[in-house]
Amino acid sequence: MKRKITRLHSMQKMKYNHLLKLITAFFLFSSNLVFGQVKIGDTLLRGINSLTNTKEFSGIETVTVKDQLFTSALKVNTYNIPVGTKEYILRAPVNNKVNVGDVMWLSFKAKCIQSKRESGEAVIEISLDRTVNGKYEWPPILERGISIGAKWISFQIPFIASRNIASGELSFVLKCGAAAQIFEFGDLTLINYEKTTKYSDLPRSVVHYDGDSPDAPWRKAAAERIEKYRKGNLQVLVLNKNGKPVQGASVEVHLKKHSFAWGTASNSSILLDTVSADAKIYRDTLVKYFNEVVLENEMKAKYWQKYDHNKTLSATKWLKQQDIKIRGHVMVWPSWQHSPHLLPLKNDTSALQKSILATIKDQTTVMKGQFTEWDVVNETYNHHELVDLLGNNAMLNWFKAARVGAPGVKLFLNDYTMFRQDGKGSPSETFFENAKFLQAHGAIDAIGEQGHIGSTPPAIEYVIAKLAHFSELGLPIQISEFDITSDDNDFKARYMRDFMTAVFSNPNTIGFVQWGFWEKQHWISASALWDKNWNIKPQGQVFTNLVSNVWSTHEKGITDKDGKLQVRGFNGAYEILIKKGNKVIKKQTKLTAKGEVVTVILDN
């Protein structure tokens with residue numbers, strides 16, 4: 001009897017717990033109630049019924065779900081489609097308008113059944129896309145890469161709408177063909193709270209990526225490489241006028257400028273603006289945190305004749321006065337899309353090549369002596385129509401013309417596929433082979449990998465491995481256009497930190513250039529380091545902390561009995577202050593990984 005009562009109590013307890021879950025779910029998702037500080041808004045999507053398979057692939061079915069509050073899910077199998085076919089898409093229309101500033105919340109659950117990825121996880125990309133008159137409008141108001149483990153996981157994503165969207169223009173999109181995998185997806189909910197709820201009050205999931213663990217093995221190895229390749233021993237030797245060591249002299253060692261390039265994209269208009277208060281803050285911020293600038297559009301061939309070159313030259317003059325290096329971008333973007341000014345010559349290959357070479361000559365003549373680096377050819381993996389028409393040797397002629405017109409300037413091949421898929425003919429390997437071809441003919445001096453990071457970022461170990469692979473060419477590598485397209489500030493901050501660390505740890509990398517830093521001067525506002533009111537964002541805090549604190553050197557000390565003070569410092573230009581009594585001496589020096597000895601003679 002006692003055992004029977006215990007079992008009855010156990011069953012009642014299970015029913016009670018299940019009822020409690022249902023009541024909680026009701027209160028959480030009811031459209032008319034308040035849960036905590038969250039006022040529940042309009043439900044725009046509920047469940048999987050509205051999802052349709054846009055490509056009519058066979059690997060999708062509806063299955064029954066147990067042990068969850070929802071009862072059915074979509075089971076998706078991508079093993080029978082070509083790997084990398086991201087067009088394997090599920091889509092659900094959202095027939096509601098959205099206003100800029102609306103606080104929204106997307107939630108769903110998923111679990112991985114099987115995957116060929118090394119991590120054993122399934123990977124998908126979800127987004128909220130806008131289509132106007134049948135044409136996709138980029139960027140989406142939400143885009144996120146998701147890694148799915150073996151157990152049901154709840155993904156909760158709050159976000160703020162970045163623009164107005166009319167009824168019928170929005171759709172939820174799930175891309176799932178990037179890997180061979182089987183996964184289940186369900187409990188889809190999209191709610192618009194409009195402006196009745198704070199973004200910070202909504203529950204959220206942490207975005208993970210391979211290598212983000214605090215104890216990931218790559219961290220220790222990267223730190224060791226940074227210590228070895230990015231730092232050197234700086235020894236200050238203080239002697240009196242008789243050549244004897246001076247003990248007890250006060251020495252301050254300050255890194256004034258990194259040898260590594262921390263760069264950003266900019267333009268002559270804001271650099272020369274002497275009226276706007278924002279422009280003043282912009283320039284002060286640029287000078288404080290960046291030592292290299294690339295002109296965003298002024299040097300692109302299709303815009304070359306539209307800009308005032310005298311204005312550009314005035315901007316480069318100002319940058320040089322601030323001791324900031326300048327990159328040129330870009331001489332040839334070899335597709336009709338990005339070189340529409342060349343379309344009239346499409347059927348005359350001789351005239352086409354002459355026109356390209358004439359523009360290179362014009363640019364290098366007008367901008368002679370302004371740049372230390374120059375992107376000669378851009379994005380040959382995806383934009384190669386001119387190369388297809390003129391042949392690979394045409395690229396050699398472009399680089400040759402650039403070499404003649406810009407002697408001493410480091411010439412780059414610039415692309416964005418270094419961290420894409422592996423294998424023969426893949427985006428990454430095509431980039432590698434193009435660079436290898438140009439190197440074999442003595443055309444290029446360096447490689448520019450843009451580093452535009454999307455919703456499914458490359459694993460940090462993979463970034464490290466690809467940098468090592470491209471380093472086999474023996475060419476310097478620069479991240480040339482970095483940004484992260486995401487609405488998740490926490491993710492952006494963590495990935496910024498880890499990606500920068502991976503790049504900085506490779507001895508062949510020479511710089512990290514971001515494609516802007518202020519929201520009002522950025523092509524993707526979510527990627528900016530400072531918002532429009534100059535509040536620094538979490539990823540901006542990561543960047544400034546690494547560049548100005550973690551990877552900078554500011555030391556004070558006293559010389560020993562041998563008159564020496566030794567500092568292990570980051571490579572770059574230094575100012576050294578030596579004080580003894582009333583005597584103060586300033587010294588300038590440059591530190592490399594090989595080390596440097598600075599000798600100071602005190603004449604008292």
Side-chain angles (χ1 to χ4, degrees), residues 218-237 250-264 285-293 322-325 327 372-373 410 446 451 460 463-464 467-468 471 476-480 482 493 496-514 517 529 536 539-559 564-578 586-600:
W218 70 266
R219 297 189 188 278
K220 183 175 182 293
E224 290 172 351
R225 290 193 300 274
I226 290 172
E227 181 68 28
K228 179 178 180 180
Y229 297 114
R230 300 301 179 190
K231 300 176 78 174
N233 292 323
L234 176 57
Q235 179 179 289
V236 181
L237 174 60
S250 174
V251 179
E252 294 184 17
V253 174
H254 297 288
L255 176 63
K256 304 299 288 185
K257 183 180 179 182
H258 284 271
S259 60
F260 195 85
W262 301 112
T264 183
T285 305
L286 188 154
V287 171
K288 183 175 181 179
Y289 294 111
F290 301 96
N291 58 19
E292 186 169 52
V293 161
Q322 314 310 312
D323 196 23
I324 292 175
K325 296 191 299 182
R327 301 191 79 240
T372 57
E373 304 169 353
K410 196 182 295 293
I460 298 301
V463 170
I464 291 170
L467 287 169
S471 293
I477 300 169
Q478 180 156 263
I479 303 302
S480 56
F482 182 83
M496 170 80 82
R497 176 200 63 204
D498 291 348
F499 186 86
M500 285 179 67
T501 302
V503 170
F504 195 53
S505 74
N506 181 288
N508 247 45
T509 58
I510 59 173
F512 177 83
V513 179
Q514 302 189 66
F517 64 90
L529 307 187
I536 192 166
Q539 68 266 29
Q541 291 174 332
V542 166
F543 173 76
T544 56
N545 181 53
L546 287 176
V547 172
S548 299
N549 299 317
V550 178
W551 295 333
S552 191
T553 304
H554 300 276
E555 300 284 349
K556 295 181 180 180
I558 303 296
T559 54
K564 296 177 181 178
L565 175 72
Q566 183 159 301
V567 172
R568 181 78 176 164
F570 285 93
N571 302 333
Y574 278 80
E575 180 178 80
I576 304 170
L577 301 177
I578 304 96
K586 284 186 180 182
K587 285 281 188 178
Q588 312 292 328
T589 192
K590 289 188 177 180
L591 178 63
T592 69
K594 295 179 180 179
E596 183 70 17
V597 177
V598 176
T599 301
V600 179

#### Entry: Verdict with supporting geometry, Leu467 and Asn508, side chain to side chain contact (heavy atoms under 4.5 Å, CB included)
CA-CA 8 Å; Leu467 287 169; Asn508 247 45; over 6 Å; no
### Task
Answer yes or no: is there a side-chain heavy-atom contact under 4.5 Å between His254 and Lys256?
yes
### Query
Going from OG1 on Thr501 to CG on Asn506, what distance comes out if it is rounded to the nearest 0.5 angstrom?
13.0 Å
### Message
Using the side chain to side chain donor-acceptor pair (under 3.5 Å) criterion, which residues pair with Thr372? Sequence neighbours excluded.
### Response
none
### Query
Is there a side chain to side chain contact (heavy atoms under 4.5 Å, CB included) between Phe570 and Ile226 once you walk through the steps?
CA-CA 9 Å; Phe570 285 93; Ile226 290 172; 3.9 Å; yes
### Distance flag, aromatic centroids of Phe290 and Phe543, threshold under 6.0 Å
yes
### Task
Please tell me if the side chains of Glu596 and Tyr574 come closer than 4.5 Å, counting only heavy atoms from C-beta onward.
no
### Task
Nearest 0.5 Å please: distance from the CD atom of Glu575 over to the NE2 atom of His554.
11.0 Å
### Query
Do Ile464 and Arg225 touch side chain to side chain, with heavy atoms closer than 4.5 Å?
yes
### Min side-chain heavy-atom separation Met500-Val547 under 4.5 Å
yes
### Query
So, do Phe504 and Phe512 have ring centers that fall under 6.0 Å from each other?
no
### Query
Is any side-chain N of the basic residue among Glu373 and Lys410 closer than 4.0 Å to the acidic one's carboxylate O?
no
### Message
Please confirm whether the ring centroid of Trp262 lies under 6.0 Å from the ring centroid of Phe517.
### Response
no
### Message
To check you understand the geometry: which heavy-atom pair defines the closest contact between Val463 and Ala502, and what is its length?
### Response
CG1-CB, 4.1 Å
### Task
Report yes or no: does His258 contribute a side-chain atom to a donor-acceptor pair with the main-chain N or O of Asn291 at less than 3.5 Å?
no
### Query
So how far is it from Asn571 CG to Leu255 CG, rounded to the nearest 0.5 Å?
9.0 Å
### Query
Tell me, do Gln514 and Met496 make a side-chain contact under 4.5 Å, heavy atoms counted?
yes
### Summary
Sorted by chain and number, sequence neighbours left out, salt bridge (charged side-chain N to carboxylate O under 4.0 Å, His left out) with Glu555 holds for none
#### Entry: Check: Ser548 side chain, Asn545 main-chain N or O, donor-acceptor pair, under 3.5 Å
no
### Task
First locate atom CG of Leu577, then atom NZ of Lys556, and finally report the distance between them rounded to the nearest 0.5 Å.
9.5 Å
### Side chain proximity check, Phe499 to Phe482, heavy atoms < 4.5 angstrom
yes
#### Entry: Donor-acceptor side-chain pairing of Thr509 and Arg230 below 3.5 angstrom
yes
### Query
Are any of the side-chain heavy atoms of Ile477 and Ser471 separated by less than 4.5 Å?
yes
### Summary
Closest heavy-atom pair, Gly511 versus Val503, reported as atoms and distance to 0.1 Å, is O-CG1, 4.4 Å
### Query
What's the spacing between Gln566 CD and Leu234 CG if we round to 0.5 Å?
8.0 Å
### Gap between atom CG of Leu529 and atom CD1 of Ile536 - 0.5 Å precision
7.0 Å
### Query
Checking side chain to side chain contact (heavy atoms under 4.5 Å, CB included) against Thr264, which of Val513, Ile324, Leu286 comes through?
Leu286
### Task
Evaluate the criterion side chain to side chain contact (heavy atoms under 4.5 Å, CB included) for residue pair Thr553 and Arg568; output intermediate values, then yes/no.
CA-CA 8 Å; Thr553 304; Arg568 181 78 176 164; over 6 Å; no
### Message
The test is side chain to side chain contact (heavy atoms under 4.5 Å, CB included); show your working for Ile558 and Ser250 and say whether it passes.
### Response
CA-CA 5 Å; Ile558 303 296; Ser250 174; 4.1 Å; yes
